[in-house]
Amino acid sequence: MSTVTFGIAPGYGEKLHEALGYSGAVRVGDRVEISGQAGVDDDLVIPDSLEDEIIQAFDNVERTLATVGATWKDVIHVNSYHKVAPGEDVIGDDHNTVMAEQFRRRLDGRAPIWTETGVTVLGLAAVRVEIRVTAIVGSGN
């Protein structure tokens, strides 16, 4: 039987756990799943610039993975959710350029699968992006 371990990132993760009752990560054996990570700081403040928000979301994925012993290098699948205006038919380059830069910076040539979805609302009204990943611990070595 596999061991199940839940992880909660210090700061923002603890606040969301207390308010909403969920963990940010779960590890079952070597498999890790995390909840969608927004680009918020420890006080749940969202940066003004979209670029800074996406970078913060990537940082929060990293922090959340670490709570259960994983890193970006273990990531095999990424789901990203991008707020778009109702009726928009594409997620803009303002999102995609920063996402691609962060993938290159953090994954060191690894190319996990990626599903990108446009949505009209996310968990907090001002949030413009959330990133959720699946990882296999040790697969990036």
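One-based numbering along the sequence shown.
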Legend entry - R104 atom CZ, over 12 foreign heavy atoms within 6.0 Å: no
Inset, instruction - Examine V129 and I46 and state if one hydrophobic cluster contains both, with Ile, Leu, Val, Met, Phe, Trp and Tyr joined whenever side-chain heavy atoms are less than 4.5 Å apart. - result: no
Using a 3.5 Å cut-off and no angle test, enumerate the donor-acceptor pairs between side-chain atoms of residues 59-68 and protein atoms at least two apart in sequence or in another chain.
from: D59; atom 1: OD1; to: R106; atom 2: NH1; distance (Å): 3.1
from: D59; atom 1: OD1; to: R106; atom 2: NH2; distance (Å): 2.6
from: N60; atom 1: OD1; to: Q56; atom 2: NE2; distance (Å): 3.0
from: N60; atom 1: ND2; to: A38; atom 2: O; distance (Å): 2.9
from: N60; atom 1: ND2; to: V40; atom 2: O; distance (Å): 2.9
from: E62; atom 1: OE1; to: R106; atom 2: NH1; distance (Å): 3.2
from: R63; atom 1: NH1; to: D42; atom 2: OD1; distance (Å): 3.1
from: R63; atom 1: NH2; to: P10; atom 2: O; distance (Å): 2.8
from: R63; atom 1: NH2; to: D42; atom 2: OD1; distance (Å): 3.0
from: T64; atom 1: OG1; to: Y12; atom 2: OH; distance (Å): 2.8
from: T64; atom 1: OG1; to: Q37; atom 2: OE1; distance (Å): 2.9
from: T64; atom 1: OG1; to: N60; atom 2: O; distance (Å): 2.8
from: T67; atom 1: OG1; to: T64; atom 2: O; distance (Å): 2.6

Inset, instruction - Calculate, to the nearest 0.5 Å, the distance between atoms NE2 and CD1 belonging to H95 and I54 respectively. - result: 6.0 Å
Inset, instruction - Hey, could you give me the CG/CD distance between N79 and E130, rounded to the nearest 0.5 Å? - result: 11.0 Å
Inset, instruction - Evaluate the side-chain contact (heavy atoms from CB on, under 4.5 Å) criterion for residues H82 and L122: first the C-alpha distance (whole Å), next the side-chain angles of each, then the deciding distance (0.1 Å), finally the verdict. - result: CA-CA 8 Å; H82 304 264; L122 288 164; over 6 Å; no
Inset, instruction - Rounded to the nearest 0.5 Å, what's the gap from CD on E116 to CD1 on I131? Could you check? - result: 10.0 Å
Legend entry - Residue pairs, two or more places apart or on separate chains, that pass salt bridge (Lys or Arg N to Asp or Glu O under 4.0 Å) and touch residues 117-126: none
Inset, instruction - Could you identify which residues cluster with V45, counting Ile, Leu, Val, Met, Phe, Trp and Tyr as linked when any side-chain heavy atoms lie under 4.5 Å apart, either directly or through a chain of such contacts? - result: none
Inset, instruction - May I ask whether I34 and L16 are part of the same hydrophobic cluster, defined by side-chain heavy atoms of I, L, V, M, F, W, Y residues being less than 4.5 angstrom apart, directly or through others? - result: no
Legend entry - Residues that D52 engages under salt bridge (Lys or Arg N to Asp or Glu O under 4.0 Å), provided they are two or more places apart: none
Inset, instruction - Hey, could you give me each pair passing ring-ring contact (aromatic ring centres under 6.0 Å, His included) that has a residue in residues 113-141? Not counting sequence neighbours. - result: F103-W114
Inset, instruction - Can you tell me which residue pairs pass the salt bridge (Lys or Arg N to Asp or Glu O under 4.0 Å) test with a partner in residues 69-97, sequence neighbours excluded? - result: none
Legend entry - Contact check, side chains of W72 and V133, non-hydrogen atoms, under 4.5 Å: yes
Legend entry - ILVMFWY cluster, I8 and V137 together (side-chain gap under 4.5 Å): no
Inset, instruction - Just do the side-chain contact (heavy atoms from CB on, under 4.5 Å) check on E51 and T97 with the steps written out, would you? - result: CA-CA 9 Å; E51 179 177 6; T97 299; over 6 Å; no
Inset, instruction - Identify whether V127 and L50 are in the same connected component of the hydrophobic contact network (ILVMFWY, side-chain heavy atoms under 4.5 Å). - result: no
Legend entry - D48: partners by salt bridge (Lys or Arg N to Asp or Glu O under 4.0 Å), with sequence neighbours left out: none
Inset, instruction - Mind jotting down which residue pairs meet the salt bridge (Lys or Arg N to Asp or Glu O under 4.0 Å) criterion with at least one end in residues 117-128? Sequence neighbours excluded, please. - result: E53-R128
Inset, instruction - Quick one: name the residues clustered hydrophobically with I91, using the 4.5 Å side-chain heavy-atom rule over I, L, V, M, F, W, Y, and just say none if it's on its own. - result: V84
Legend entry - L44 reachable from F58 in the ILVMFWY side-chain graph, under 4.5 Å edges: no
Inset, instruction - Apply salt bridge (Lys or Arg N to Asp or Glu O under 4.0 Å) to E33 and list each qualifying residue two or more places apart in sequence or on a separate chain. - result: R31, R132
Legend entry - All pairs passing side-chain hydrogen bond (donor to acceptor under 3.5 Å, both in side chains) where residues 16-28 contributes a residue, at least two apart: R27-D30
Inset, instruction - Among Ile, Leu, Val, Met, Phe, Trp and Tyr joined by side-chain contacts under 4.5 Å, find the other residues sharing a cluster with V90 and list them by chain and number. - result: none
